[in-house]
Amino acid sequence: MLDCAIIGGGPAGLTAGLYTTRGGLENVTMYEKGMPGGQITQSSEIENYPGVTGEITGMDLMIPWPEQCQKFGLKHDMVEVKRVSKDGDIFKIHRADGKVDEARSVIIGTGSSPRRAGFKGENEFFGKGVSTCATCDGFFYKRKEVAVVGGGDTALEEALYLAKICAKVYLIHRRDTFRSAPNTVARIKRTENIELVLNSVPDEVYGDKMGVTGLRVKNNNGEMRDIAVPGVFTFVGNDVNNQTLIQEDGSFLCDMNESGEVIVDITMKTSVPGLYATGDMRINAPKQVVCAAGDGAVAALQAISYVDELLNH
Ligand code: FAD
Ligand code: NAP
């Protein structure tokens, strides 16, 4: 029986692993289907993790994290978790290899996945000029021109953010009306260095070994236009990785909001005792490494108290 099962080995899960083991829980396993580190390992540069100066990649940042956890006894099972269920006080961890483990508490941090728009070159240049995170990567294009793809709240808000840093923002949207809030649309329209490229979709992003050099867009009449930019930001929606919380009858194990994010309080408690949700998958997540790590620490401290209460009272 595990004291705590941690699902996901991104910044949230790894920090939860560090704090649970170092805080005295004896038997803690982190389930990570790939290499630990999470989605930040796709980033070619991170410069907003406090205390980390110099040019480092997301991979560089994350490499020491598992080693630090293992020192305190965190076990890592490289296996996908299909489902988490609860029977009385005991959580069941249904693994992709068919085994079922048992745990007294669960910290889930399976993250989120930005949707890809699906144009040519998008995957090839992802992290090398194509980005889904303006807060993270916008600064690399200071006083340069960039393209933003999408017409929802995220795309428009991020375009406004980028317009403060960059010389010019081309906002590419496949229709001529936006699904964003009207006041945001109004702000976009009065921002002088944002050019609207409407009724258009990206056809191809291209570049060289150094990264992106341009984006070719196609309008509704089939006409092509080349926009010379070193950065392309796509905001075409986001999917929370909440599949492990779906029960056999199709319901969720705990309360979720309408976007599929886990509802938590400020201590990362969900509606199910002993289950904590952290990082990008929880409501109101700022979607930053430092925040995901903070969530992992908060949830771990809660899990330690919960298990102590369960065993001793
Ligand atoms: P994730 O990092 O998504 O980790 C979740 C982990 O769970 C993954 O490793 C996944 O493999 C695993 N997993 C999922 N489902 C299962 C399952 N069923 N079973 C087992 N394992 C599972 N943030 C910053 O602060 N600064 C930046 O500069 C920055 N740049 C970014 C650049 C890019 C290109 C991207 C994509 C993101 C960037 N971010 C940045 C955002 C940051 O990466 C995320 O906010 C952060 O990684 C979220 O951490 P997490 O632990 O919640 O989830
Ligand atoms: P979203 O609302 O789903 O918008 C996605 C946008 O991307 C849409 O404009 C869509 O076009 C476009 N798109 C989708 N697939 C595409 C493709 N393959 N190629 C080109 N364009 C594509 O996603 P979001 O903006 O991330 O917002 C998600 C939710 O969070 C929404 O409910 C939003 O209101 C909310 N949110 C709120 C705030 C806020 O309140 N301040 C901020 C951010 C997000 P179409 O419009 O043509 O479908």
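We count ligands from 1, going down the list as the structure has it; atoms in each ligand are counted the same way. From a predicted model like this one, the values you see are computed outputs, not experimental measurements.
Geometrically, ligand 1 and Glu47 share no nitrogen or oxygen pair separated by less than 3.5 Å. Looking at ligand 1, you won't find any N or O of Thr132 less than 3.5 Å from one of its N or O atoms. Residue-to-ligand polar distances keep Cys133 apart from ligand 1: every N/O pair is separated by 3.5 Å or more. The shortest N/O to N/O separation between Glu32 and ligand 1 falls below 3.5 Å. For Gly13, no nitrogen or oxygen atom sits less than 3.5 Å from a nitrogen or oxygen atom of ligand 1, counting backbone and side chain alike. Geometrically, ligand 1 and Thr244 share no nitrogen or oxygen pair separated by less than 3.5 Å. Ligand 1 has an N or O atom lying under 3.5 Å from an N or O atom of Val81, backbone or side chain. At least one N or O atom of Gly151, backbone or side chain, sits closer than 3.5 Å to an N or O atom of ligand 2.
Distances below 4.0 Å separate heavy atoms of Glu157 from the following atoms of ligand 2: 38 (C), 39 (C), 41 (N), 42 (C). Contact atoms of ligand 2 toward Arg175: 45 (P), 46 (O), 47 (O) (distance under 4.0 Å to a heavy atom of the residue). Atoms of ligand 1 lying under 4.0 Å from any heavy atom of Gly279, numbered from 1 in the order shown and given with element: 52 (O). Those atoms of ligand 1 that come under 4.0 Å of a heavy atom in Gly10, given as number and element, are 4 (O), 6 (C), 51 (O). Residue Gly109 approaches ligand 1 through these ligand atoms, each under 4.0 Å from one of its heavy atoms: 5 (C), 6 (C), 7 (O).
The closest protein non-hydrogen atom to atom 1 (P) of ligand 2 is Arg179 CD, 4.0 Å. Nearest protein heavy-atom contact of atom 21 (N) of ligand 1 is Lys33 N, 3.2 Å.
A donor-acceptor pair shorter than 3.5 Å cannot be found between the side chains of His173 and Ser200. Counting only N and O atoms by type, the side chains of Thr278 and Asp295 include no donor and acceptor under 3.5 Å apart.
Nearest to atom 10 (C) of ligand 2 by heavy atom, out of Glu122, Arg174, Arg115, is Arg174. Compare Thr184, Thr132, Thr154 by their heavy atoms: the one nearest to atom 27 (O) of ligand 2 is in Thr154. The residue among Met30, Gln39, Met35 with a heavy atom at the shortest distance from atom 2 (O) of ligand 1 is Gln39.
Residue-ligand proximity: Gly127 is placed with every non-hydrogen atom at 4.0 Å or more from ligand 1. Residue contact annotation: Arg116 has no non-hydrogen atom under 4.0 Å from ligand 2.
Note that atom 4 (O) of ligand 2 has protein non-hydrogen atoms nearby, at separations under 4.0 angstrom. Protein heavy atoms all stay at least 4.0 Å away from atom 30 (O) of ligand 2.
Counting heavy atoms under 4.0 Å from ligand 1, residue Asn48 touches it through the side chain alone. Contacts between Ile40 and ligand 1 below 4.0 angstrom, taking non-hydrogen atoms only, involve backbone and side chain alike. At a 4.0 Å heavy-atom cut-off, ligand 1 touches Ala292 through the side chain alone. For Thr135, no heavy-atom contact with ligand 1 is shorter than 4.0 Å.
Contact check for Arg225 versus Tyr170: side-chain heavy atoms found under the 4.5 Å cut-off.
Between Tyr19 and Phe72, the ring centre distance reaches or exceeds 6.0 Å.
Cation-pi contact between Arg104 and Phe91: absent, since separation from the ring centre below 6.0 Å together with deviation from the ring axis within 45° is not met.
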